[in-house]
Amino acid sequence: MPDVGEGLTEAEILKWYVQPGDTVEDGQIVCEVETAKAAVELPIPFDGTVHELCFPEGTTVDVGQVIISVNVGGGAAPEAPVAEAAPVAQAVAPAPAPVAEEEAEPKGRTPVLVGYGVAASSTKRRPRKAAQGAVPAAPVAPAQAAPATVAVPVSVPEQLNGHGPGGGRPLAKPPVRKLAKDLGVDLATVTPTGPDGIITRADVHAAAAPAPAPVVEAPAPTPVAQSVAAPAAAQAAPVVSTDARETRIPVKGVRKATAAAMVGSAFTAPHVTEFVTFDITRTMKLVEELKSGTDMAGLRVNPLLLIAKAVLVAVRRNPEINAAWDEAAQEIVLKHYVNLGIAAATPRGLLVPNIKDAHAQTLPELSASLSELISAARDGKTTPAAMQGGTFTITNVGVFGVDTGTPILNPGESAILAVGAIKLQPWVHKGKVKPRQVTTLALSFDHRLVDGELGSKFLADVAAILEQPKRLISWA
């Protein structure tokens, strides 16, 4: 599993595009994985024939684990003792095989291009300490039919944890160890059924199954206990149904990262939310005029486009709103650029990709950027880089018919604007009650660096621009 950067340590294999025996070429996409940031397609960095897929779809794999082996042919495989985790016939991630938990983590690892793993010369591990009574590993003979293919490391018990069958530590692959940890199962108490005495996932599940007990002696789990147990149970299988009355969905990937970020934001930054309701009829008329004109031909024009432009103009008039709180340095960081985030609901959860340097884009450029951003999010092609470095976010709850809300800040940002539904309502216009297009904006901001005056001025400016869209020109 390659190191995709941004501090990610694991990814879930969503789909394999190849099978054992398939021929692959350098740069060919072989699988799609989902990190805590986004879905990423991984290319293979060499030509050859697929020897083995080490993990099935739906498996969460740690960065550095071998996920695929390929017979590149021509030449013998490098000679190396099994204990040193020899490369597996040119793998996508030529990093050492998983080792014992007590081993030191590699230092100085050099991240490289996505799909090309980590440079082998930059990763070193401390020599293993043999356990008392451990059986030393025997060298693995190369396959006779395919000289370039070395036995898959994860299939050798000695490779798994640094102890032989005679050692005191149970044999299990890293994913199985993680499952046992999540379920609170002591591997020393599990009876192995796998080859060479290896503990399998089924063994762990069997050990985790509660023993029958009289109903009177089994206290009902409290709500707290249920909430703690749910994530562990969810990791045991993709979807678990209990008595056809409930379904448990594992919290992982984008949803897991979003949940952690929102909890961290809600309990770190003191949120304040202000609201403004106003007449947006003139902006709606401008949208229709732009759609029928030639200047925006072929581009998508909608209210969100003009709202985004109004936000950018309001940021220029109130630059302190575009800032971040640096807790470590105890500084307020003013950003002289706007990476405009747009919250997008996708099947994988809420994503907030952003348009880089949106403040410098013309209206046609902004329209093209919005269309590209939204299309990528809906197709599941948003890259991790597209979700990093945001400075201000817009979330459009109006598309669901919702009038307003109190949005939570995207971590690292000082403000977020929620756009409510645009509805035809009775409104006082030029001294008379008339049907007008009306909407409500809600601005949440970090009260550590945005006070009530600044937040109010910014929100009022956005509303004033959308009420009189000619201010997009006069205020720009």
Distance-only side-chain donor-acceptor flag, S369 / Q361, under 3.5 Å | yes
So with a 6.0 Å cut-off around CD of E372, is the heavy-atom count from everything else above 12?
-> no
Do V61 and I13 come close enough that some side-chain heavy atom pair is under 4.5 Å?
-> yes
Test side chain to side chain contact (heavy atoms under 4.5 Å, CB included) applied to D47 and T23, step by step | CA-CA 8 Å; D47 301 336; T23 301; over 6 Å; no
Please examine the side chains of L417 and T395, heavy atoms only from C-beta on, and report whether any two atoms are closer than 4.5 Å.
-> no
Atom pair CD (E32) and CD (E12), whose distance is rounded to the nearest 0.5 Å = 10.5 Å
How long is the gap from CD1 on I408 to NE2 on H271, to the nearest 0.5 Å?
-> 5.5 Å
Side chain of N354, backbone of A386: donor and acceptor closer than 3.5 Å?
-> yes
Quick check: does any side chain N or O of N339 sit under 3.5 Å from a backbone N or O of G389, one acting as donor and the other as acceptor?
-> yes
Check step by step if side chain to side chain donor-acceptor pair (under 3.5 Å) holds for E413 and T393.
-> CA-CA 8 Å; E413 300 177 14; T393 296; 2.7 Å; yes
Find the distance between CD1 (I44) and OH (Y17) and round it off to the nearest 0.5 Å.
-> 14.0 Å
In Å, rounded to the nearest 0.5 Å, how long is the span from CD of E34 to CD of E10?
-> 11.0 Å
Among all residues two or more places apart in sequence or in another chain, which pass the side chain to side chain donor-acceptor pair (under 3.5 Å) test with Q330?
-> E327
Would you check if there is a donor-acceptor pair between the side chains of T391 and N322 at a distance under 3.5 Å?
-> yes
Output yes when a side-chain donor or acceptor of D22 lies under 3.5 Å from a complementary backbone atom of Q19, and no otherwise.
-> yes
Whether D357 side chain and V338 backbone form a donor-acceptor pair below 3.5 Å = no
Nearest heavy-atom contact between G405 and A442 is O-CB, 3.1 Å
Run the numbers on V50 and V24 for side chain to side chain contact (heavy atoms under 4.5 Å, CB included), then give the verdict.
-> CA-CA 7 Å; V50 177; V24 293; 3.7 Å; yes
Donor-acceptor pair, side chain of T200 and main chain of G194, under 3.5 angstrom | no
Between A343 and L350, what is the shortest heavy-atom contact and its length?
-> CB-CD1, 4.0 Å
Between S367 and M296, does a side chain to side chain contact (heavy atoms under 4.5 Å, CB included) hold up when you go through it step by step?
-> CA-CA 9 Å; S367 174; M296 301 290 287; 3.9 Å; yes
Student check: side-chain heavy atoms of P364 and L299 closer than 4.5 Å = yes
Determine the minimum heavy-atom distance between I394 and A308, stating which atoms define it.
-> CD1-CA, 3.8 Å
V301 versus V287, closest heavy-atom pair with distance = CG1-O, 3.8 Å
Under the 3.5 angstrom rule, does the side chain of Q28 hit a backbone N or O of E25 as a donor-acceptor pair?
-> yes
So does K381 pair up with D379, basic N to acidic O under 4.0 Å?
-> no
Flag yes if more than 12 heavy atoms outside R316 fall under 6.0 Å of its CZ atom; otherwise flag no.
-> no
Heavy-atom side-chain proximity of P43 to V30 below 4.5 angstrom | no
Answer whether the closest heavy-atom distance between the side chains of E320 and V450 falls below 4.5 Å.
-> no
Do T193 and D203 meet the criterion of a side-chain donor-acceptor pair at a distance under 3.5 Å?
-> yes
Minimal non-hydrogen separation, F55 against V66, with atom names = CE1-O, 3.1 Å
Donor-acceptor contact below 3.5 Å, side chain S375 vs main chain S371 = yes
Do V204 and I199 have side-chain heavy atoms sitting under 4.5 Å apart?
-> yes
Looking only at heavy atoms, what is the nearest atom pair of L340 and A358, with distance?
-> CB-CB, 3.8 Å
Would you say the side-chain atoms of H51 pair up with the backbone N or O of S69, donor to acceptor, closer than 3.5 Å?
-> no
Would V33 and L14 count as a side chain to side chain contact (heavy atoms under 4.5 Å, CB included) if you check the C-alpha gap in whole Å, the side-chain angles of each, and the deciding distance to 0.1 Å?
-> CA-CA 5 Å; V33 302; L14 295 179; 5.8 Å; no
Quick one: do the D186 and T189 side chains pair a donor with an acceptor below 3.5 Å?
-> no
Side-chain donor or acceptor of S444 paired with backbone N/O of P407 under 3.5 Å = yes
Quick check: does any side chain N or O of D62 sit under 3.5 Å from a backbone N or O of Q65, one acting as donor and the other as acceptor?
-> no
Starting at CG of D26, measure out to CZ of F46 and round the result to the nearest 0.5 Å.
-> 9.0 Å
Find out whether W16 and C31 are in side-chain contact, i.e. whether some heavy atom of one side chain is under 4.5 Å from a heavy atom of the other.
-> yes
Side chain proximity check, T382 to M387, heavy atoms < 4.5 angstrom | yes
Hey, could you give me the CZ/CD1 distance between F392 and I416, rounded to the nearest 0.5 Å?
-> 8.0 Å
